[in-house]
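There's a structure below that I have some questions on.
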Amino acid sequence: MLYLSAFHHSRCYTLVRIALKQGIPIVKTLAADSVQKTEQGRVVNDFSIQVATVNGSGSQSSNNVLMRTIFQMGIPVSGKNLFPSNIAGLPTWFTIRVNKDGYIARKAETNILVAMNPQTAFEDVKALKPGAICISPVELKLNEVRSDIKHYQVPFTELAAKATETIKLRKLLTNMIYVGVVAELLNLDEKEIEKAVAGQFPGKAKVVPLNVNAINIGREWTRENLKKDDPYFIERMDKTAGKIIIDGNAAAALGSLFAGVTVVAWYPITPSSSLCETLIDYLHEYRVDENGKNTFAVVQAEDELAAVGMALGAGWAGARSMTSTSGPGISLMAEFVGFGYFTEIPTVIFDVQRVGPSTGMPTRTSQADLFSTYMLSHGDTKHIVLLPGSVAECFEFAGAAFDLAERFQTPVFVLTDLDLGMNNWMSDPFAYPTKPLDRGKVLNAEQLDKVGEFARYKDVDGDGIPYRTLPGTNHHLAPYFVRGSGHTEKATYTEKPEDYKNLMDRLERKFQTARKFVPQPEVHTEPKAKVGIIAFGSTHFAVYESRDQLKAANIPTSYYRVRALPFTEDLRKFVEAHDRVYVVEQNRDAQLRDLITLELPDMATKLHSIRHYTGLPVDAQFVTDEILKQEKK
Amino acid sequence: MVQTPSNPAQSTNRIGLTLADYKGAPSTLCDGCGHDAITSQIIKAFYELGIEPHQVAKLSGIGCSSKTPAYFLNRAHGFNSVHGRMPSVATGANMANKDLLLIGVSGDGDTASIGLGQFCHLVRRNLPMIYIVENNGVYGLTKGQFSATADIGSKAKGGKLNEYQPIDLCGLAIELGCGFVGRSFAGDPKQLMALLKAAASHKGTAVLDVISPCVTFNNHEGSTKSYKYAKEMETPLHELGYIPFYEQITVDYDPGSVQDVELHDGSHLRLKKLGKEYDPRNREMAMSTMLKAAEEKQFLTGLLFIDEKKPDFVNMMDLIEEPLSSLPESRTRPSKEALDKIMAELM
Ligand SMILES: Cc1ncc(C[n+]2csc(CCOP(=O)(O)OP(=O)(O)O)c2C)c(N)n1
Ligand code: SF4
């Protein structure tokens, strides 16, 4: 019976059901795994906790404490905050996935629900699978809603009153009480909790004991009043030693910091704001010289048009410049970006994607700006777009973006999304960059003296990349005129057909050169795989996990993770080598699939699309189910 | 030490360059366009001041006026940006290299319509630059549509009447707290020259609104931005003389009629008042005088407002001495220890 219920709500359930329907033999490892997990009725280190609260209630701290504690106990975790576009009052959910195997993608199914929000409690409980557990305030009477789940009902109001006499603090401490309840039920280490609380409130000596006390009140009450009757347990592991937890925006901010960014112009927009906000904090900490003067300049611009204009002005004048935004900002930047492409000015533009249009769903994730960034602007334009798939790559590609922007003298996009940018991810620590900054082909006065000539837009080296000089260079050859109009190699005005065509051809040549310099794809080939998967960005961890699920269902897959546009040359080889290639992405219109089709028109019929566009991050099970469905056809 | 003043009659200026060194490509604007008159004064002013051309960055938006940076200072870097958004490019350039002397040329369409937001924010940030609006009341390059500075009741070439209230860019600049606001007329080279020179010495945004008749689309009967109308309706606030810091200041013995404004580099703008008392440091007076003039359909020229003490954008950013663009990797990439420390905090 126990075996059955645990099996029932394991994440493999759908997979097995489909496998059975299709007559695909269920592989032993899968079943064995499930049995092992439920050994003596225990599911250890493999479940997800969802905390439903009200936006603005301060639950973020408690959720972090919970996640951090598990992480400190050596167990891989990931945290996802599903929040509304609102400051206070609307429902918000925080999901902690605990996974001994290190899978960190979203898990669609909730095993432990902490239902603190009366507004959504009913729906939240209804969404659970039988056998899940629900921790809730007694007065919500959620036990009356579902009898097929395990209820732990807690008198939170009463306990909060015990934790503090200050009414104002009660709401906040209620959150810590649920931490205590969960901690007792899962058997979390008290010392680690205290450490996590201290880490959550650095430098606030008074706050720490207050919170720890609230946690203990929850814990003690649980010990005395509840009888644990569920299979979920946390046991220490050693899989997180030396790992960090960080969100993608902070990672990209660090990448920019260590790329030596000097000029930052930005305009607030969810989910990108924290990128520049974090960067500003780091800049003030690490980039003020011994005299207290800044080696950087930051401006909060009046809008995105100005932000990108400033970034281009700074790039032109020789700074490593950047801006960050999301889709609506990207569209406003369109004219300037085309101008930057045509006049060949370096800058870096981070696009932390969200669901559009304009207001759209600003707090939901999406990968739908692929077309709009790749070909942003009017006329013939296309851009280098970097596609990090992890927080480590957010760090690494931020650095690469500045190098590429200056090497190729062009705006370079880094495309992340809300899931990657704003959620917490476990990662190996970032490696200190080993390569010196690539400042590209810039001629100073001395070099101009040596070469004796300079034409701003001349292809001297045959790679399509011209040389440039910076304003302020004291040499009679240095000055040139940046113009969006037709220009000759010497940057003078022209409307001659052949001049324009030559310029466009050289820009194309430059773009072709970029194929060799952009981050190359990550390719995993399975010797006998007939099925290939192509994905990019934040879907990576879901695909990674899905491949294991597919393998368990006897469908070995190869994997090609696109890490930049333009595509690199081995894309064709990968598609050719497989019978069917599934392109996984988080947009409605199969943008990546279409771009691959443009690149390899003769391969079009091999390309199949897996698209997830609900605004929530894709989960492994979805990918697996979709591929199984299409494989069956 | 008193240096000899530069003299355009001499073949070289104080840094040994000739007037030709300050010229640009031949103009492709209509013959007689007011913009060309302004270009000539820019060339002369920079020559006479002995400014290093390579330290100058000339920027513009889009329009006939915005083409003019190609026609002066060939030896300076130039940037013809997108319509109305030169201020942001200038801001970025200044952030990257605060040693550049920025001169921006824009049109009234460029600044008062599509670029109004960026103009306001440029002024608000007090970006150190000379910002010239070549104001002809129309869109030249797109063939004669009214701009937002066209006076109410003025006539377009085709006879259409403008029914909308004009935006007074000088009034707006003063309102926004601009530290240097002047207005002039392309047909008044002497005054324009003094204002240009003073603007070049001002620390912070120096806005110069210059009525610059469009001979092709706005120089007819009924236009309030024509040469004829401007000449007739112009009321100079004062006679202006500019004295560079390396020139000795002589004493004027007519108290009450002369006022010296000292600019940040020690140079002076000498205002010789004609008629009524006008104190360009008095913001209230500036506003009321301008409003009154507008009611009387006159346009005032001269230095409308000055506040030499306002902190500029560069001060506020608290930057190191060297331009950011010149910093080597060792000063922009933090150490491995810094990264290790940050990583440890995230564990
Ligand atoms: C985004 C954009 N919209 C419209 C135009 C077309 N356009 C070019 S110049 C111009 C008006 C220029 O007027 P003004 O700034 O007064 O300059 P003038 O030509 O009168 O000197 C317009 C609307 C453009 N270049 N870009
Ligand atoms: S159209 Fe008007 S503004 Fe343009 S160049 Fe001719 S006269 Fe000057």
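Within every chain, numbering begins at 1; the chains are lettered A, B, ... in the order of the sequence lines, protein sequences first and strands thereafter.
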CG/B:N80 to NE2/A:H487 distance, rounded to the nearest 0.5 angstrom?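 So the gap between those two atoms works out to 11.5 Å.
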Hey, could you give me the OH/CD distance between A:Y432 and B:E337, rounded to the nearest 0.5 Å?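 Those atoms lie 8.0 Å apart.
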Side chain, backbone, both or neither of B:R125 within contact of chain A (heavy atoms, under 4.5 Å):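 Only the side chain of B:R125 comes within 4.5 Å of chain A.
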Is it the case that the side chain of B:R85 and the backbone of A:L305 share a donor-acceptor pair, with hydrogens and angles ignored and the cut-off at 3.5 Å?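 Not confirmed, B:R85 side chain does not pair with A:L305 backbone.
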Select one option (side chain, backbone, both, neither) describing which atoms of B:D99 are under 4.5 Å from chain A's heavy atoms.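 No part of it gets close to chain A.
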If you count heavy-atom pairs within less than 4.5 Å of chain A, which of B:I320, B:V56, B:L59 leads?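 When all of B:I320, B:V56, B:L59 are compared, B:I320 has the most.
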Under 4.5 Å from a heavy atom of chain A, the part of B:L319 involved: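 Interface part for B:L319: both.
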Below 4.5 Å from any heavy atom of chain A, which atoms of B:P323 appear? Answer side chain, backbone, both or neither.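 Contact with chain A: none, neither part.
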Please determine, among B:D340, B:L100, B:L101, the option with the most heavy-atom pairs under 4.5 Å with chain A.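 That would be B:L100.
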Side chain, backbone, both or neither: which part of B:L73 has a non-hydrogen atom closer than 4.5 Å to chain A?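 No part of B:L73 comes within 4.5 Å of chain A.
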With sequence neighbours left out, write down each residue that passes side chain to side chain donor-acceptor pair (under 3.5 Å) with A:K490, or none if nothing qualifies.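 Testing A:K490 for side chain to side chain donor-acceptor pair (under 3.5 Å), a comparison that skips the adjacent residues, returns none.
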Among B:H83, B:Q118, B:Q55, B:R75, single out the residue with the greatest number of heavy-atom pairs under 4.5 Å to chain A.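 Option with the greatest count: B:Q118.
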B:T332 and A:T262, any side-chain heavy atoms less than 4.5 Å apart: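 In contact.
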What heavy-atom pair brings B:M95 and A:V264 nearest, and what distance separates the two atoms?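 Answer, listing the atom of B:M95 first, then A:V264: CE-O, 3.8 Å.
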I'd like to know if the side chain of A:N294 and the backbone of B:M317 have a donor-acceptor N/O pair within less than 3.5 Å.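 A pair under 3.5 Å: yes.
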Given the options A:A319, A:A311, A:A306, which has more heavy-atom pairs under 4.5 Å with chain B than any of the others?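 The residue among A:A319, A:A311, A:A306 with the greatest pair count is A:A306.
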With chain B as the partner chain, list the residues of residues 250-258 of chain A whose heavy atoms fall under 4.5 Å from it, by residue number, and write 'none' if nothing qualifies.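 Under the 4.5 Å heavy-atom cut-off, A:L254, A:L257, A:F258 qualify.
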Sort B:A90 into side chain, backbone, both or neither according to what part of it lies under 4.5 angstrom from a heavy atom of chain A.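 Contact with chain A involves no heavy atom of B:A90 at all.
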Closest contact, heavy atoms only, A:F336 versus B:S88: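 For A:F336 and B:S88, the tightest heavy-atom pair comes out as CE1-OG, 3.7 Å.
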Could you check whether any side-chain N or O of B:E329 sits under 3.5 Å from a backbone N or O of A:L437, counting only pairs where one atom can act as donor and the other as acceptor?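 Indeed, once roles are kept as given, a pair shorter than 3.5 Å links the two residues.
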Top residue by heavy-atom pair count (under 4.5 Å) with chain B, among A:G315, A:A265, A:S321, A:P433?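 Highest number of pairs under 4.5 Å: A:P433.
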A:T469 versus chain B, the contacting section by heavy-atom distance below 4.5 Å: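 Its backbone and side chain both get close to chain B.
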Tell me, for B:A76 versus chain A, whether the close heavy atoms (under 4.5 Å) come from the side chain, the backbone, both or neither.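 B:A76 touches chain A through backbone heavy atoms alone.
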Check: A:Y480 ring centre within less than 6.0 Å of B:F79 ring centre: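 Not under 6.0 Å, so no.
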Do B:K67 and A:Y493 come within less than 4.5 Å of each other through their side chains, counting heavy atoms only?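 Sidechains of A:Y493 and B:K67: no contact.
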Look up atom CD1 in A:I244 and atom CE in B:M347, then write down how far apart they are to the nearest 0.5 Å.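 Between A:I244 CD1 and B:M347 CE, I get 7.0 Å after rounding to 0.5 Å.
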Would you give the length of the straight line joining atom CD of B:E321 to atom CG of A:N291, rounded to the nearest 0.5 angstrom?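 Between atom CD of B:E321 and atom CG of A:N291 there are 9.5 Å.
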Per-residue contact mode, B:N74 against chain A (heavy atom under 4.5 angstrom):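 Backbone of B:N74 only, per the 4.5 Å heavy-atom cut-off to chain A.
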Between B:E322, B:H54, B:M343, which has the largest tally of heavy atom pairs under 4.5 Å with chain A?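 Heavy-atom pair counts peak at B:H54.
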